[in-house]
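Written out below as C-alpha cells is the structure these notes cover.
Please read all numbers here as calculations on a predicted model, not as lab measurements.
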Amino acid sequence: MTKEKLLLLDGNSLAYRAFFALPPLTNQQGIHTNAVYGFTTMLQKIITEEQPTKMLVAFDAGKTTFRHSTFTEYKGGRQKTPPELSEQFPYVRKLIDAYGIQRYELEQYEADDIIGTLAKQAATEKMDVIIVSGDKDLTQLATDNVTVYITRKGMTDIEVYTPAHIEEKYGLTPAQIIDMKGLMGDASDNIPGVPGVGEKTAIKLLTAHGTVEGVYANMDAVSGAKLKEKLIANEQQAYMSKELATIHTEAPLTITLADLAYNGAHDEELRAIYQELGFKTLLEKTDFDIEEQQQEDLVFTVLQTVEQLPQQAALHVELENEHYHTCAVLGMSVSSDAGTIYIPFDVMQQSDVVQAWLADEQVTKYVTDRKATQAALARFNLALNGVAFDLLLATYIVNPSLSGDDVATLVSEFGYRDVKANEDVYGKGAKRAIPADDVVAEHASRKAFAVWTLRETIEERLRQNQQYELYKELELPLARILGEMESEGITVSKETLQAMGAALTERVAHIEAAIYEAAGETFNINSPKQLGVILFEKLGLPVIKKTKTGYSTAADVLDKLQGEHAIIEHILLYRQLAKLQSTYIEGLLKEIHADGKVHTRFQQALTSTGRLSSIEPNLQNIPIRLEEGRKIRQAFVPSNPDWYLFAADYSQIELRVLAHMCGDAALIEAFREGMDIHTRTAMDVFHVEADAVDSNMRRAAKAVNFGIVYGISDYGLSQNLNITRKEAADFITRYLESFPGVQNYMDAVVKQAKTDGFVTTILNRRRYLPEINSSNFNLRSFAERTAMNTPIQGSAADIIKKAMIDMDARLKAEGLQSTLLLQVHDELIFEGPLEEMEVLAKIVPEVMEQAIELAVPLKVDFSYGKTWYDAK
DNA sequence: CAACTCACG
DNA sequence: ACGTACGTGAGTTGG
C-alpha cells in the first residue's frame with residue numbers, strides 16, 4: 001500500500017488571498033467569481049501535483065473563538081469582509097463539495113486549529129502532510145513530515161516551508177515562529193506583541209535565548225536600555241501574544257482522519273458549478289470523466305426525397321461557417337410534432353416541396369438566425385417567409401450582454417444542454433473541417449429540436465419582461481430588412497479605389513522619407529514602440545502620456561508636441577494616410593465580391609445598447625471628418641450607373657432623446673424653437689446672449705453636450721477640451737444648473753439601475769449593469785456612466801430601427817424602385833433612379849421624423865448625389 | 001492574442 | 001483618493 005498523503009487547506013485564508021490577488025471577475029449573472037476562480041485553479045494544480053489520498057478544507061466558524069476570551073481585541077479593527085467576497089463563500093463551499101473534498105468548521109476554533117490538530121494526528125500515523133494557506137502563521141506546524149505551502153501573488157505560485165527553509169529564512173525553528181509573533185505581534189490579527197520590537201529584533205533575541213520565556217529569564221543578557229525597558233513593560237503582553245499566536249493542536253474535533261479520504265471529484269457536479277460560474281477555460285481544460293454523450297438521444301431521419309413538411313416547425317439551416325454571404329449551405333433540419341428530419345442541401349435544391357415550403361408565408365417557422373438563413377438561401381434563389389421566431393434575437397433581447405451566436409451557447413442560457421458547440425463538431429483553427437454527413441445531420445437536427453423545445457419558454461420570458469413587442473414587432477421584422485440590405489450590397493468602384501491608392505502610395509513614400517530624414521535613421525513608423533524610442537529618447541521630446549507598456553504616441557499626444565519638432569507633423573500625416581491606405585483602400589478592395597459590390601454583415605445581436613454593428617467590411621466607419629478620407633466615399637456608387645445615392649440623417653437625435661426622457665423645460669423649448677442646440681447651451685453655460693457666443697464657446701458647449709450623453713465626468717471633459725479638471729467641473733455645474741431636468745434624470749436613472757439592476761430604453765430594451773453596486777470605484781463609476789448613456793444611445797437605436805421598418809413598408813406601398821442599402825446609427829443610405837429622388841426627399845424625412853413621437857420634434861437632413869461623397 | 005492606434009456615430 | 005468620457009471594427013506590431 002502506498003503511503004497516505006494528507007492535504008489540509010485553510011479555506012478562509014485562501015479565499016481571501018485569491019480575492020485580493022485577482023482582478024474583479026464576474027459571471028454573466030453579475031456574481032463575483034475571482035475568489036472562487038483563484039481558489040479553484042490553486043486547488044486543481046495542487047491536487048494534480050500532489051495526488052493526495054486524504055483531503056480537508058478547514059474554515060473559521062463564527063465571529064468569536066476561544067482566543068477572544070484571552071484577549072477581547074483579538075482580530076479587532078479588521079475591515080469587514082467586502083460583500084463581493086462574502087457572496088462567493090457559498091460557491092467556494094459548493095465547489096469543495098463538488099471536488100469530493102471534506103470541509104469542516106468548529107465553533108470557537110479557527111481553521112488553523114483544525115489543521116494543527118489533524119496535522120498532529122496524521123504525523124503520529126506517519127502520514128505525509130501538506131498544509132496550504134495564505135497565512136504564514138501556519139508555518140509553525142512544519143516538521144519533517146509536515147510541509148507548509150504558502151501561496152504567493154498569483155495564487156498558483158507557492159513558497160514551500162520546511163523546517164530547513166524556515167531555518168534558512170529566519171534562522172529559527174518552526175516552533176519559534178510563535179515566539180517571534182509573541183515578541184513582534186501581528187497587526188492583521190491585532191496581536192500586540194512588544195511595541196517597538198519588529199522582525200529583526202525578535203529574531204535576534206530568539207536566536208540568543210530560544211523562546212519568549214528564555215528572553216525574560218535572561219534579561220541581563222539583553223543589550224540596549226530602551227529595548228530592555230520595553231520588554232519589561234510588556235512582559236505579560238508578550239506571553240499573551242505568544243499564546244494567541246499558538247495554534248491549538250488538541251481541538252475537540254468531531255471528525256477523524258479516516259473521514260478525510262479523497263476519491264476524486266464528482267464530475268457532473270463540478271461541471272455544473274463551472275458552468276454556473278462561467279469558468280469557460282476550466283470547462284474546456286478539465287477532462288470530465290462523464291460520458292461526453294451526456295446528451296439525450298435524439299431520433300431524426302435523413303430524407304433523400306421530401307413529400308410533405310409540417311405547417312408549423314422549428315427550422316435550422318446549417319451553414320459551413322459564419323460568412324453566410326459566401327459559405328456553403330450544408331442542409332436543413334426541421335423539428336415539429338411530426339418529429340425531426342434532416343434534408344441535405346442537394347435534396348433541398350432539387351425539391352419543389354422544400355422550396356415552396358420555405359417560401360410559404362402561411363407556414364410558421366421558428367429559426368435560429370433569420371438573417372443569416374435568409375441571406376444564405378437567397379444566394380441559391382431560395383426564399384424564406386413565415387418566420388415567427390428567431391432564437392438569436394430573442395436571446396439578445398432577454399439580455400444583450402450574452403455573448404455568442406452559436407446555438408449551443410444561446411440555448412444554454414435557458415438551461416438546455418443537448419446541442420453541441422459548433423467548435424466541438426467542426427474543430428477550430430487549422431483543424432477545422434466538415435465531419436461526416438451523419439454527424440452534421442445530427443448536429444443540425446439537435447439545433448432545430450432545441451428551438452422546437454424552447455420557443456414557448458423564451459417567448460414567455462419576453463412577455464414577462466414586457467419585451468415581446470420589441471422583439472416581435474421591431475427586431476424580427478428588421479432582420480428581414482437587414483438581410484435584404486446585405487444581400488443587395490453596395491457597389492464600390494475598384495478603379496476609383498485603385499487610383500486613389502496609387503496616388504496615396506506615392507505620397508506615403510515621400511512622407512516616410514521625410515520622417516527618416518528628421519529622425520536620422522530608418523525605423524518602423526507603424527510600431528508605437530519604435531516610434532516612442534525615436535521621439536522620446538533619441539529626439540528628447542517631452543513625454544506627455546504613458547501607456548502601460550511604454551510611451552503613448554497617440555494623436556492627442558502628438559498634437560501637443562506640434563511645433564517641438566518637424567517630425568511630428570510628418571508622423572501625423574503619415575498616420576492619417578497610412579490608415580486610409582491599409583484600411584480603406586486595401587481593406588475595402590479585398591471585400592469587393594464578383595458582383596462589384598461589398599456585402600457587409602450587420603450584427604443585430606451584438607451591442608450592449610441595441611445599436612447595430614457592421615463587419616467585413618465595416619461600412620459604419622467610412623471616413624468623413626477629414627477631406628482626405630472623405631474622398632473614399634467617391635468610390636461608393638449606385639448599382640445602376642444612372643441611379644443616385646440618397647442619404648438622410650437625424651439631427652442631434654441623442655440630445656433630442658435626452659430632452660424627451662428628462663423633460664427639462666429649457667431643453668425641450670430649445671428643440672421646439674428649432675435653435676442651434678450647442679449655441680443655446682453656450683448661452684446658458686456662459687450666461688450670454690446668442691450673438692455673444694463665439695466659436696470657442698460653442699465648441700466647449702458642444703463638448704459638454706457630448707459629455708452629458710456619455711455620462712459626464714469632469715476628467716473626461718477636461719481631456720476632451722484640453723482644460724483643467726476644475727474648469728471642466730465648473731462647466732458641468734453650470735450646465736446642470738441651467739438644465740435641472742437633466743440633473744434629475746441622471747440621478748433617477750442611476751438610482752433605478754441600483755434598484756432594478758438594469759436600465760431601459762424607450763421601447764423597453766434592457767441592459768443589465770451588475771457592477772452598479774460594486775464597492776470598486778472604477779467599476780461602479782463605469783456602470784453609472786453606462787446607466788446614463790445606454791437609455792439615450794439605445795433609444796436612438798430603437799427609433800432608427802423603427803424608421804427602417806416604416807421606410808421599408810413605405811417604399812413598397814409607393815411602389816418605388818429605390819432600396820435601402822445602409823444604416824450608420826443615425827443615418828440611412830438609399831439608392832434609386834433620379835426620378836425617385838424628389839419622392840425620397842419628401843417621404844424619407846417624413847417617415848424618419850414620425851418613427852416614434854417624442855416630446856420634441858425629430859429633425860432629418862438629407863441629400864443625394866452620384867456617389868456617397870456627393871450625397872452630403 | 002493582447003496592445004495600440006484610429007476610423008465612425 | 002480612486003482614473004474615465006458612450007458604443008463599435010480593423011490593421012499593425014510583437015510577445
For this session: Considering just the side-chain nitrogens and oxygens of A:Gln530, establish if one lies under 4.0 Å of OP1 or OP2 belonging to C:dG14.
Result: yes
For this session: Identify which nucleotide among C:dA5, C:dT8, C:dT4 has an atom closest to any side-chain atom of A:Leu717, counting heavy atoms from C-beta outward.
Result: C:dA5
Exercise. Does C:dA10 have OP1 or OP2 sitting under 4.0 Å from an N or O in the side chain of A:Thr583?
Worked result: no
Exercise. How is A:Ile622 classified with respect to the nucleic acid when contacts are heavy atoms under 4.0 Å: base, sugar-phosphate, or nothing?
Worked result: sugar-phosphate
Exercise. Picking from C:dG9, C:dG14, B:dC4, which would you name as closest to the side chain of A:Lys548?
Worked result: B:dC4
For this session: Could you tell me whether the side chain of A:Arg725 has a donor or acceptor atom within less than 3.5 Å of a complementary atom in the base of C:dG3?
Result: yes
Seminar exercise, completed: The nucleotide from C:dT4, C:dT13, C:dG9 with an atom nearest the side chain of A:Leu606 is C:dG9
Problem set entry | Spacing between A:Tyr551 atom OH and B:dT5 atom P, to the nearest angstrom | 14 Å
Exercise. Between A:Ser608 and C:dG7, does any side-chain N or O lie under 4.0 Å from OP1 or OP2?
Worked result: no
Exercise. Which nucleotide in the list C:dG15, B:dA3, B:dC6 gets nearest to the side chain of A:Thr549?
Worked result: B:dA3
Exercise. In whole angstroms, how far is the P atom of B:dC8 from the CH2 atom of A:Trp868?
Worked result: 11 Å
Exercise. Under 4.0 Å between a Lys/Arg side-chain N and an Asp/Glu carboxylate O for A:Asp714 and A:Lys726?
Worked result: no
Problem set entry | Separation of B:dC4 C1' from A:Lys546 NZ (nearest whole Å) | 16 Å
Exercise. Taking atom C1' in both C:dG3 and B:dC6, what distance in whole Å separates the two?
Worked result: 22 Å
For this session: Classify the nucleic acid contact of A:Ser713 as base, sugar-phosphate or nothing, counting any heavy atom under 4.0 Å across all strands shown.
Result: base
For this session: Spell out yes or no: do the side chain of A:Arg611 and the base of C:dT8 have one donor N/O and one acceptor N/O closer than 3.5 Å?
Result: no
Exercise. With a 4.0 Å cut-off on heavy atoms, is A:Thr790 in touch with a base, just the backbone sugar-phosphate, or nothing at all?
Worked result: nothing
For this session: Determine the contact category for A:Leu580: base if any of its heavy atoms lies under 4.0 Å from a base atom, sugar-phosphate if only primed atoms, P, OP1 or OP2 are that close, otherwise nothing.
Result: nothing
Exercise. Counting only Watson-Crick or G-U wobble pairs whose two distances fall under 3.5 Å, which nucleotide matches C:dC2?
Worked result: none
Exercise. Across the strands shown, which category fits A:Gly587 at heavy-atom distances under 4.0 angstrom: base, sugar-phosphate, nothing?
Worked result: sugar-phosphate
Exercise. What nucleic acid atoms does A:Val824 come within less than 4.0 Å of, heavy atoms only: base, sugar-phosphate, or nothing?
Worked result: sugar-phosphate
Exercise. Base, sugar-phosphate, or nothing for A:Asn720, non-hydrogen atoms under 4.0 angstrom?
Worked result: base
Seminar exercise, completed: Between CG of A:Asp559 and P of B:dT5 the distance, given in whole Å, is 13 Å
For this session: Grab the CZ-P distance between A:Phe782 and C:dC6 for me, whole Å please.
Result: 5 Å
For this session: Would you indicate which nucleotide in C:dG9, B:dG9, C:dG15 comes nearest to any side-chain atom of A:Gln603?
Result: C:dG9
Exercise. Out of C:dT12, C:dT8, C:dA10, which has the shortest distance to the side chain of A:Lys579?
Worked result: C:dA10
Seminar exercise, completed: Regarding the side chain of A:Asn618, the nearest nucleotide among C:dG9, C:dA5, B:dT5 is C:dG9
For this session: Describe the nucleic acid contact of A:Gln793 in one word from base, sugar-phosphate, nothing, applying a heavy-atom distance below 4.0 Å.
Result: base
For this session: Counting heavy atoms from C-beta on, name the nucleotide in C:dG11, C:dC6, C:dA10 closest to the side chain of A:Glu616.
Result: C:dA10
Exercise. Rounded to the Å, how far apart are A:Asn705 CG and C:dC6 P?
Worked result: 17 Å
Exercise. Using a distance-only test with no angle check, is there a side-chain donor-acceptor pair under 3.5 angstrom linking A:Asn524 and A:Ser527?
Worked result: no
For this session: Take atom CD1 of A:Ile800 and atom C1' of C:dG7, then tell me their distance rounded to the nearest Å.
Result: 15 Å
Problem set entry | Chi angles and distances behind the salt bridge (charged side-chain N to carboxylate O under 4.0 Å, His left out) call for A:Lys538, A:Glu521 | CA-CA 10 Å; A:Lys538 183 161 186 190; A:Glu521 63 181 290; 3.0 Å; yes
For this session: Verify whether one side chain among A:Lys371 and A:Tyr324 offers a donor that lies under 3.5 Å from an acceptor in the other.
Result: yes
Exercise. Base, sugar-phosphate, or nothing: which does A:Ala728 touch, judged by heavy atoms less than 4.0 Å apart?
Worked result: nothing
Exercise. Would you say C:dG14 has OP1 or OP2 under 4.0 Å from some side-chain N or O of A:Ser527?
Worked result: yes
Exercise. Between C:dA5 and B:dC4, how far is it from one P atom to the other, in whole Å?
Worked result: 13 Å
Exercise. With a 4.0 Å cut-off on heavy atoms, is A:Ala578 in touch with a base, just the backbone sugar-phosphate, or nothing at all?
Worked result: nothing
Problem set entry | A:Phe731/A:Tyr735 aromatic ring centres below 6.0 Å | no
Exercise. Which is true for A:Asn621 with a 4.0 Å heavy-atom rule: it touches a base, it touches only sugar-phosphate, or it touches nothing?
Worked result: base
For this session: Would you indicate which nucleotide in B:dC6, C:dG9, C:dA5 comes nearest to any side-chain atom of A:Ile615?
Result: C:dG9
For this session: Return the value, rounded to whole Å, for the distance between atom CG of A:Asn776 and atom P of C:dA1.
Result: 17 Å
For this session: Take the angle between the ring planes of A:Phe862 and A:Phe646 and call it parallel below 30°, perpendicular above 60°, tilted in between.
Result: parallel
Exercise. Is there a side-chain polar atom (N or O) of A:Thr553 under 4.0 Å from OP1 or OP2 of B:dT5?
Worked result: yes
Exercise. Will you find, in the side chains of A:Thr733 and A:Asp730, an N or O donor that is under 3.5 Å from an N or O acceptor?
Worked result: no
Exercise. Within the distance-only criterion (no hydrogens, no angle test), does the side chain of A:Arg633 pair as donor or acceptor with the backbone N or O of A:Tyr869 below 3.5 angstrom?
Worked result: no
Exercise. Can A:Thr553 and A:Arg575 be counted as having a side-chain donor-acceptor contact under 3.5 angstrom?
Worked result: yes
Exercise. Would you say the base of B:dC8 and the side-chain of A:Gln620 have a donor-acceptor pair closer than 3.5 Å?
Worked result: no
For this session: For A:Thr786, report the nucleic acid contact type (base, sugar-phosphate, nothing); a contact means any heavy atom under 4.0 Å.
Result: sugar-phosphate
Exercise. Quick one: does A:Arg625 reach the base of B:dG9 with a side-chain donor-acceptor pair under 3.5 Å?
Worked result: yes
Exercise. Using the C1' atom in both, what is the distance from C:dC2 to B:dT5, to the nearest Å?
Worked result: 27 Å
Problem set entry | Nucleotide nearest A:Pro528 (side chain, heavy atoms from C-beta), chosen from C:dG14, C:dG7, B:dT5 | B:dT5
Exercise. Which is true for A:Asn524 with a 4.0 Å heavy-atom rule: it touches a base, it touches only sugar-phosphate, or it touches nothing?
Worked result: sugar-phosphate
